[in-house]
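Inspection log for the structure reproduced underneath, given as structure tokens.
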Amino acid sequence: MARLNVKIGELSLKNPVMTASGTFGYGLEFADFMPLDGIGGIIVKGTTLKPREGNDYPRMAETASGMLNCVGLQNKGVDYFCEHIYPQIKDIDTNMIVNVSGSSPEDYAECAARIDALDKIPAIELNISCPNVKDGGMAFGVTCAGASSVVKAVRERYHKTLIVKLSPNVTDITEIARSVEAEGADSVSLINTLMGMAIDIEKRKRVLSIGTGGLSGPAVKPVALRMVYQVAKAVKIPVIGLGGICSAKDAIEFLMAGATAIEIGTANFLDPAVSIKVRDGINDWLDGHGCQSVEEIIGVIS
Ligand SMILES: Cc1cc2nc3c(=O)[nH]c(=O)nc-3n(C[C@H](O)[C@H](O)[C@H](O)COP(=O)(O)O)c2cc1C
């Protein structure tokens with residue numbers, strides 16, 4: 001058995017496989033399908049300071065090798081999370097990470113501060129890249145000034161591992177990565193979804209309620225891989241790679257491109273146990289290639 005453990009800042013992961021926010025609920029929903037403590041971390045649903053209803057339906061559409069969604073951060077707010085969800089997930093023996101979103105630097109920071117108080121949440125992932133909300137979300141993630149302002153405000157009030165999730169809907173993602181690193185992010189994760197659109201030709205209308213949505217799944221993998229490669233070369237902090245990962249081979253590509261860990265999103269909808277299979281597949285590949293540790297393959301691509 002190769003050693004699979006990796007570190008993201010202060011955070012120790014038993015293996016580099018995590019599940020992506022918005023595709024794995026609070027983890028509990030998947031407990032019948034796989035051992036939740038078998039993976040390195042679970043990034044739970046997007047959480048905001050105040051409850052959000054999300055967008056109207058339809059908010060999902062299937063596409064070639066992927067899907068579009070415009071769920072729009074539906075959640076019951078951080079206080080509900082602390083009171084009702086946290087007690088149910090706090091003893092799951094893996095890193096339970098909360099994905100935090102907001103409409104201003106101040107409410108990102110307030111939401112993060114409330115989560116800072118929860119002993120068994122060792123990290124947050126800051127979503128400055130949601131393409132499906134009008135107020136905030138991706139707006140912060142597409143300029144260096146916007147991204148810096150959120151990370152600065154959060155860093156003042158959040159003292160544990162801070163992962164910042166980047167938007168691919170930019171010209172140069174390395175600039176944004178560098179600006180959040182400069183404000184004290186411990187890691188960056190990428191990519192969030194790519195802005196897309198689908199049309200119903202019979203109705204002569206756009207399929208999704210708000211017209212556009214975020215594209216995810218295998219269709220985005222080459223774009224995500226290219227961005228992870230570029231960002232890993234541009235920053236010193238560890239990079240978490242995601243976007244279209246469905247198999248151990250996909251995950252190994254991201255690790256070789258420079259990701260220290262990976263997240264699996266849309267693939268959970270097709271196979272709820274995919275993350276454990278990816279973990280085992282990485283291990284088998286490392287064993288089969290005489291590697292003692294997963295660290296031997298991280299960033300090997302020049
Ligand atoms: C239905 C759905 C809901 C999502 N909700 C969130 C969210 O709340 N916060 C977030 O940061 N990303 C969210 N995402 C983006 C995913 O976490 C991930 O970044 C993206 O889907 C790319 O990875 P994948 O191709 O493996 O799915 C969502 C994606 C989907 C498909």
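Both counts, for ligands and for their atoms, begin at 1 and track the order of listing. These numbers come from a predicted model, not from an experiment.
Using cut-offs of 30° and 60° on the angle between ring planes, the pair Phe30 and Phe24 is parallel.
Residue Lys76 qualifies as open at atom NZ: its count of foreign heavy atoms under 6.0 Å is 12 or below.
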Scan the side chains in residues 290-302 for donor-acceptor partners under 3.5 Å anywhere in the protein, sequence neighbours excluded, and list what turns up.
unit_1, atom_1, unit_2, atom_2, d
Ser293, OG, Glu295, N, 3.0
Glu296, OE2, Gln292, N, 2.9
Glu296, OE2, Ser293, N, 3.2

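With sequence neighbours left out, the ring-ring contact (aromatic ring centres under 6.0 Å, His included) criterion links His84 to Tyr80. Remark: Tyr158 engages no residue in a ring-ring contact (aromatic ring centres under 6.0 Å, His included) (not counting sequence neighbours).
Annotation for Ser101 and Leu73: closest pair OG-CD1, 3.3 Å, computed over non-hydrogen atoms.
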Would you tabulate the polar-atom pairs, meaning N/O of ligand 1 against N/O of the protein, with distances under 3.5 Å, reported to 0.1 Å?
unit_1, atom_1, unit_2, atom_2, d
ligand 1, 8 (O), Gly46, N, 3.4
ligand 1, 9 (N), Ser21, OG, 3.3
ligand 1, 9 (N), Asn99, OD1, 3.0
ligand 1, 9 (N), Asn127, ND2, 3.3
ligand 1, 11 (O), Asn99, ND2, 2.9
ligand 1, 11 (O), Asn127, ND2, 3.2
ligand 1, 11 (O), Lys165, NZ, 3.1
ligand 1, 12 (N), Lys165, NZ, 3.0
ligand 1, 14 (N), Ser21, O, 3.3
ligand 1, 17 (O), Ser21, O, 2.8
ligand 1, 17 (O), Lys165, NZ, 2.8
ligand 1, 19 (O), Lys165, NZ, 2.9
ligand 1, 19 (O), Ile191, O, 3.0
ligand 1, 25 (O), Gly217, N, 2.8
ligand 1, 25 (O), Gly244, N, 2.7
ligand 1, 26 (O), Gly244, N, 3.3
ligand 1, 26 (O), Gly265, N, 3.1
ligand 1, 27 (O), Thr266, N, 2.7
ligand 1, 27 (O), Thr266, OG1, 2.6

